[in-house]
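Throughout, residue positions are numbered sequentially from 1 according to the sequence presented. Start at 1 and go down the list; that is how both ligands and their atoms are numbered.
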Amino acid sequence: MTSQFYTTPIYYVNAKPHLGHAYTSIAADVATRFKKMQGCDTFFLTGTDEHGDKIVQAAEKENTSPKAYADKISQLFQDVLPLLNIENDYFIRTTNPDHIQVVQSILSTIHDRGDIYFSSYEGLYCYGCERFYQDRELVDGKCPDHGTEPATIKESNYFFKMSKYQDWLVNHIQSNPDFIRPKQYKTEILSFLKQPLEDLCISRPKTRLTWGITLPFDQDYVTYVWFDALVNYISALGYPDGQRFKTFWPGTRHFVAKDIIKPHGIYWPIMLKAAGLPIYNGLNVHGFWNVQGSKMSKSIGNVTDPVEVTAEFGVDAFRYFLMREMVFGLDANFTEDAIVARINSDLANDLGNLFSRVLSMNMRYFKGQVKGTDPELDGQLSLESAAASAIDAYTAAMENCRFHQALAAVWEFVSAMNKYIDTQEPWAMAKDETRTRELSSVLYQLMEGLRTVAGLIFPVMPQTSKKMVTALGLSLTDKGGFCLEKIRAWGQVPCGITLSKPCILFPRVAVKKEAAAPVDRPFKPALKEEITLEDFSKIDLRTGRVLSAEPVKNSSKLLKLQVDLGAQTRQVIAGIAKTYSPEDVVGKEVIVVANLKEAKLMGEVSQGMILAASRKKDLILSGFDDAVLPGNPVK
Ligand SMILES: [Zn+2]
C-alpha cells in the first residue's frame with residue numbers, strides 16, 4: 001500500500017483538551033510518522049465536533065452563542081497541536097460549510113436508497129448523551145456514562161435502518177481480522193452484535209434543538225451529532241470528487257478511545273455501506289489514562305493538562321512516556337513519579353549517557369574526528385546484526401500499534417550498546433598504541449548504533465532524533481524524516497569529519513522527596529498578624545449542608561448556593577465554580593462563616609462564606625470526617 005489516511009476523533013468542544021485527547025493525537029501522529037518512514041504517502045486529520053445540546057448548554061453558561069463558544073474551544077484544540085509536536089495535515093470543524101454540505105448529501109443518498117424512515121417513537125432518552133437508550137444498555141436503569149435515569153420521551157423522528165445491515169457487519173468484521181484492533185474490542189463489538197441491532201434515531205426536532213445540521217429532506221429537523229461527526233472523515237478529504245478522497249479513501253486507520261467504539265465500529269461502517277461507499281480499513285482502539293490511580297474528574301481535581309506537563313518535562317519526554325507506559329488497548333496510570341522515573345532511567349541514563357559517552361570518547365581519543373571501522377575487525381566487533389534485529393522487532397510492533405513494545409525493542413539495543421562498551425573497554429584500547437584500529441572501529445560501531453536509534457525514535461521523539469543525527473554529522477533528508485530502509489543501511493556516519501562536543505539530550509529530573517524531615521520554610525503567602533483566642537471566638541463557624549447550587553450569571557468563578565444552617569437557609573456566593581460544577585456540591589457538608597456581614601457579589605447577595613483550601617488555581621471545599629447536622633458550631 002502506498003497511501004494511508006490517519007485520523008483522531010474530532011474532539012467535542014464542551015471541554016478544553018486534556019491528557020486523553022493528547023494521547024489519541026500523539027498515538028495517531030506517531031503512527032503517521034512511522035508510515036512515512038516506510039515510504040508511504042500519508043494524510044493526518046484531526047479536528048473538532050461542534051454541534052449538539054451540550055454545546056448549547058455550555059454556551060448559555062458563558063452567556064455566548066454556540067458558534068462563538070465553539071470557535072473559542074476549537075482554537076484551544078488547534079493551539080495545543082504544535083505544543084505537542086503533532087503534524088496534522090488538516091484540521092476539520094463540523095461547522096465548516098463544506099462539511100455541512102457533505103453531511104446533507106450523505107443523508108440524501110441514504111434517504112433516497114430507502115434506508116431512512118419516519119416514525120413515532122417513545123423511548124428512554126439521556127440528555128447528557130443526547131441519545132435514546134435500550135433497556136438492556138442501562139445499568140440499574142441508569143445511563144452507563146452519566147449514572148442518571150433517562151427520561152421517557154415520545155416524538156416523531158427519522159430512523160436509520162441499521163438492523164438491515166447487522167449480518168453484513170458481523171460478516172465484515174469476521175472476514176477482516178484487522179478491522180478492529182486490539183482483539184478485545186473486536187470481541188466486544190461482535191458480542192454486542194449478538195443481540196438484534198436497533199435502528200438508529202438520526203434526527204432531533206428543531207423544537208428541541210436547532211444547533212445542528214438541517215435534514216435535507218425535512219427542514220423541521222436537525223441530524224443527530226454522531227451522524228454529523230462521523231462524516232468528517234470523508235468531508236475532510238473532499239468527498240465526493242476531491243483528489244484526496246480518491247487517494248486516501250478507504251485506506252484509513254481511525255484512532256479512538258474505548259468509550260466511542262460503538263459509533264465507530266457499528267454506525268460508521270453501516271453508514272458507509274448504506275451510502276454505497278467503501279468501508280474504512282481499520283479502527284484502532286485505546287484505553288483510558290487514569291491519573292494517580294483514579295479516573296480523571298473535575299471534582300477530584302486530577303484532570304491533567306498536557307500543556308502543563310509538556311512545559312515541565314519537555315515535549316519529547318512527554319510523548320515518550322505516553323507511548324512507552326501505555327499498552328495500546330489497556331488502561332494506564334499517569335503519575336508524576338512514573339514520568340520522572342522514565343525520564344531519569346530510560347532517557348537520561350540509558351540513552352542520554354550512551355550518547356554522551358560515545359561522543360566524549362571520540363572527542364578524547366580522536367579529537368572528535370570520525371576514524372571509521374577496520375573491515376578486518378568488523379566480523380568480531382560489528383553491531384550491525386543487533387541493530388537489524390532491533391529494527392525488525394520495532395517494525396513488527398509499530399505495524400500493530402504496540403508502541404510500548406517498539407520502544408522496548410529500541411531500548412534493548414541501547415542496553416546492548418552500553419554492555420558492549422563495558423566488555424570492549426575502549427579506555428584500555430586507548431592506552432595501547434597497537435590497538436588504535438580496534439578503538440576507532442568500536443567507536444564507529446557505536447556511532448552507527450546511535451544513528452540507528454536516532455532514526456527509530458523519530459516518530460515518538462522527533463526533536464531528540466534530529467539533535468542526535470546532527471551531532472553525528474548527518475543531515476536530515478526525506479522531508480525532515482527518515483526512510484526505514486535507509487536507517488537499516490550500515491555505515492553512513494561520514495568518516496573523516498570532526499564532530500563537536502556532545503550536548504546533553506535529557507537532563508535528569510530532581511526527584512521530589514515526600515515526607516522528608518520537617519524543615520522551617522517561610523509560609524507562602526506570609527502568615528497574617530497574630531490574634532488572640534478572644535479575636536478568634538468572634539468568628540461564628542457553623543456546619544452547613546448545600547441544598548442547591550447554580551452558576552452565577554456572567555461569572556465563570558462563582559456558584560450561588562442555598563445552604564441549610566439548621567435554623568435557617570442562607571444564600572452564599574462561593575468562588576468555587578472553576579473546581580466544582582453545581583451537581584458536585586449539592587448535598588455536601590461544609591463549614592460556613594455564619595456571622596459575616598452580608599455582601600453583594602456580581603449583583604447577588606451573599607450571607608456568609610464557605611471555607612475552602614486553595615490548591616494552585618483551584619479551591620477545595622473543607623468537610624467533615626463523619627456526618628454532622630447543619631447549624632452546629634465549629635470550633
Ligand atoms: Zn448519558
For R208, which residues count as a salt bridge (Lys or Arg N to Asp or Glu O under 4.0 Å) partner, sequence neighbours excluded? E155

Do F43 and Y6 have ring centroids that are under 6.0 Å from one another? no

Is the NZ or CZ atom of K186 both under 6.0 Å from the centre of the six-membered ring of F179 and within 45° of that ring's axis? no

Side-chain donor-acceptor pairs under 3.5 Å in residues 319-327, sequence neighbours left out?
{"from": "R319", "atom 1": "NE", "to": "V460", "atom 2": "O", "distance (Å)": "2.8"}
{"from": "R319", "atom 1": "NH1", "to": "D29", "atom 2": "OD2", "distance (Å)": "3.0"}
{"from": "R319", "atom 1": "NH1", "to": "L84", "atom 2": "O", "distance (Å)": "2.8"}
{"from": "R319", "atom 1": "NH1", "to": "N85", "atom 2": "O", "distance (Å)": "2.9"}
{"from": "R319", "atom 1": "NH2", "to": "D29", "atom 2": "OD2", "distance (Å)": "2.6"}
{"from": "R319", "atom 1": "NH2", "to": "P459", "atom 2": "O", "distance (Å)": "2.9"}
{"from": "Y320", "atom 1": "OH", "to": "D346", "atom 2": "OD2", "distance (Å)": "2.6"}
{"from": "E325", "atom 1": "OE1", "to": "R342", "atom 2": "NE", "distance (Å)": "2.8"}
{"from": "E325", "atom 1": "OE1", "to": "R342", "atom 2": "NH2", "distance (Å)": "3.4"}

Let me have the donor-acceptor pairs involving side chains of residues 261-272, under 3.5 Å, with sequence neighbours excluded, atom names and distances please.
{"from": "H264", "atom 1": "ND1", "to": "I260", "atom 2": "O", "distance (Å)": "3.0"}
{"from": "H264", "atom 1": "NE2", "to": "Y233", "atom 2": "OH", "distance (Å)": "2.7"}
{"from": "W268", "atom 1": "NE1", "to": "H254", "atom 2": "NE2", "distance (Å)": "3.1"}

The Zn ion (ligand 1): protein N, O or S atoms that are less than 2.8 Å away, sorted by chain: C126 SG, C129 SG, C143 SG, H146 ND1

Exam field: side chain T46 to backbone F44, donor-acceptor pair closer than 3.5 Å: no

